[in-house]
Structures are given as C-alpha cells and as structure tokens.
Trainee: 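The structure that follows is given in the form of structure tokens.
Numbers here are sequence positions counted from 1. When a ligand or atom number is given, it counts from 1 through the structure's own listing order.
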Amino acid sequence: MKTTQELQHHRALDDVIAKIGNAETLAGRTAGSVDLVAVSKTFFADRIRPVLLAGHRIFGENRVQESLQKWPDLKAEFPDVDLHLIGPLQTNKVKDAVGLFDCIQTVDRPKLARALAGEIERTGRSVRLFIQVNTGEEPQKAGVMPEDVDSFVGQCRSEFGLTISGLMCIPPSSEAPAPHFALLSDMAGRNGLEQLSMGMSADFETAIEFGATCVRVGSAIFGERTKPQT
Ligand SMILES: *Cc1c(COP(=O)(O)O)cnc(C)c1O
C-alpha cells in the first residue's frame, strides 16, 4: 500500500504551470487543456525526482540510450509516469523505445513507421504517436517536409495501420516561432489530427495561443543544461 505523501513544492515547475494556466485563459482555451511535458534530458534522477515528488508525471527525453539508464527505476517508483520520446529514433532502437516510452513524438519516415507498427503489434503496448514536421525545412533537422505531411499521415494510417495522435515541430531557432505554429496547426486540422506538440521554454505561451495541446519545457523547469543539445 502506498502511503499518502504530501506533495513537495518545486518553484520553477509551479511557475511554468501558472504561466500555462494564464496562457490558456488569454487564448480562451479550457483550463488544463495543455499538457506539460517536462524535458529532463541530460539531468540525472536526483534532479528529476523533485519534479516527480511535486506531483508531475509527464516527462520528455530525446535519447533512448540515456532514458534506459534512468527511467526504468523511476517508472518502478512512479508507475503512472507518462514518458515521451522527443528526439530522433533509429529503427534499431524501436524495440527499446516501444518498451519504455508511452508516447513517441518523432515519427518521420516510412521505414520507422513500419518498424513501430510491427513492434506495437508484437508487444500489444499502447504507444501514442506524433509525426514530427520540419516546418522550417532545415536540412540538418529531422521531420517530414511540410509538402509530404498529408501523404505520410495517409500512409501511416492505411499502409501501416497506425493511429496518429498529432503533429510535433521544432521551429528554427533563428526565426519567430508563430508562423511555424500556425502552419503545424493548419496541417493537423486538414488531416483530422487533434494533438499539437509545440512550444519550448522560450515560446510555450505563444504556442498555446496557436493551439498547442502539449508544450515541451526543459530549461525553465530544470535550469540550463551544461551539455549542448539540438
Ligand atoms: C530540449 C528540447 C526541448 C526543451 O527545450 P527548452 O528550451 O530547454 O525548454 C523541447 N523539445 C525538444 C524536441 C527538445 O529536444
């Protein structure tokens, strides 16, 4: 039996949650309609546990290998964790990813979609899937090109039998994010997709104004990362 534990305050988390609430209100959105994915990449369990003890349960990581080192233990301790993969996924890591993650936000090519479909079918695991869109058409960035989104969504559904929950994007860091958020929202709407994963520490309030249902916030909760990350 679990004993009732008092939630511990985590000031940075509280601040972000309050800002999300304000942004929802300003945008005329329902309170609680935006999920906060706390991006814990590069941080060890000692920094993640206080956020869990504050009652937060949705987390994001960008590397499968790193996640395997910390999340199996944390998930054993906090079984209702909802873990999202927000970084690129190689097909040789699909098995590990489907075993560990509850949501994979970075589906971006047929080979990966096919491998995910096979592994989900084999294991019976329920994993929510988002398609990552390269809205800025940056050569070095992962994601489906905007012009290919409609056909890729169709292929995931008809050829691989996948349920796609929504779209995800990471706008170019040098550009205003709003046009990218608007573009992603358009593409989701015309494909009948309800979920939009967009917005990070610097721009999550703008993303909420443009319809984000999921914001991915790292440094505003955990502090600056020492290792450079893409
Ligand atoms: C690191 C990362 C984030 C969080 O970035 P912050 O600026 O620290 O909030 C969000 N999304 C993705 C895909 C990331 O890799």
Trainee: Considering both backbone and side-chain atoms of M200, is one of its nitrogen or oxygen atoms within less than 3.5 Å of a nitrogen or oxygen in ligand 1?
Mentor: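 In this structure, M200 places no N or O atom under 3.5 Å from an N or O of ligand 1.
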Trainee: For the CD atom on E121, are there more than 12 heavy atoms of other groups (residues, nucleotides or ligands in this structure) within a distance under 6.0 Å?
Mentor: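 Open: at most 12 neighbouring heavy atoms sit under 6.0 Å from CD of E121.
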Trainee: Between R125 and E119, is there a side-chain N and carboxylate O pair less than 4.0 Å apart?
Mentor: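 No, this pair does not count.
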Trainee: Numbering the atoms of ligand 1 from 1, which are under 4.0 Å from a heavy atom of R216?
Mentor: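 The atoms of ligand 1 under 4.0 Å from a heavy atom of R216 are 4 (C), 9 (O), 10 (C), 11 (N), 12 (C), 13 (C).
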Trainee: Looking at D203, I170, T135, which hits side-chain contact (heavy atoms from CB on, under 4.5 Å) with H180?
Mentor: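 Answer after filtering D203, I170, T135: T135.
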Trainee: Number the atoms of ligand 1 from 1 as they appear, then name those within less than 4.0 Å of a heavy atom of G218, with their elements.
Mentor: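 Contacts of ligand 1 toward G218, numbered from 1: 4 (C), 6 (P), 8 (O), 9 (O).
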Trainee: Hey, what's the ring geometry for F222 with H10, parallel, tilted or perpendicular (30° and 60° as the breaks)?
Mentor: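 Rings of F222 and H10: perpendicular, as their planes differ by over 60°.
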Trainee: Which atoms from ligand 1 have a heavy atom of V217 less than 4.0 Å away?
Mentor: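 Counting from 1, the qualifying ligand atoms are 9 (O).
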Trainee: Does at least one non-hydrogen atom of R225 fall below 4.0 angstrom from an atom of ligand 1?
Mentor: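 Flag set, R225 near ligand 1.
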Trainee: I'd like to know if D82 and R128 make a salt bridge, using a cut-off of under 4.0 Å between side-chain N and carboxylate O.
Mentor: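 Salt bridge: yes.
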Trainee: Ligand 1 and N62, any nitrogen or oxygen pair closer than 3.5 angstrom?
Mentor: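 Among all N and O atoms of N62, none is under 3.5 Å from an N or O of ligand 1.
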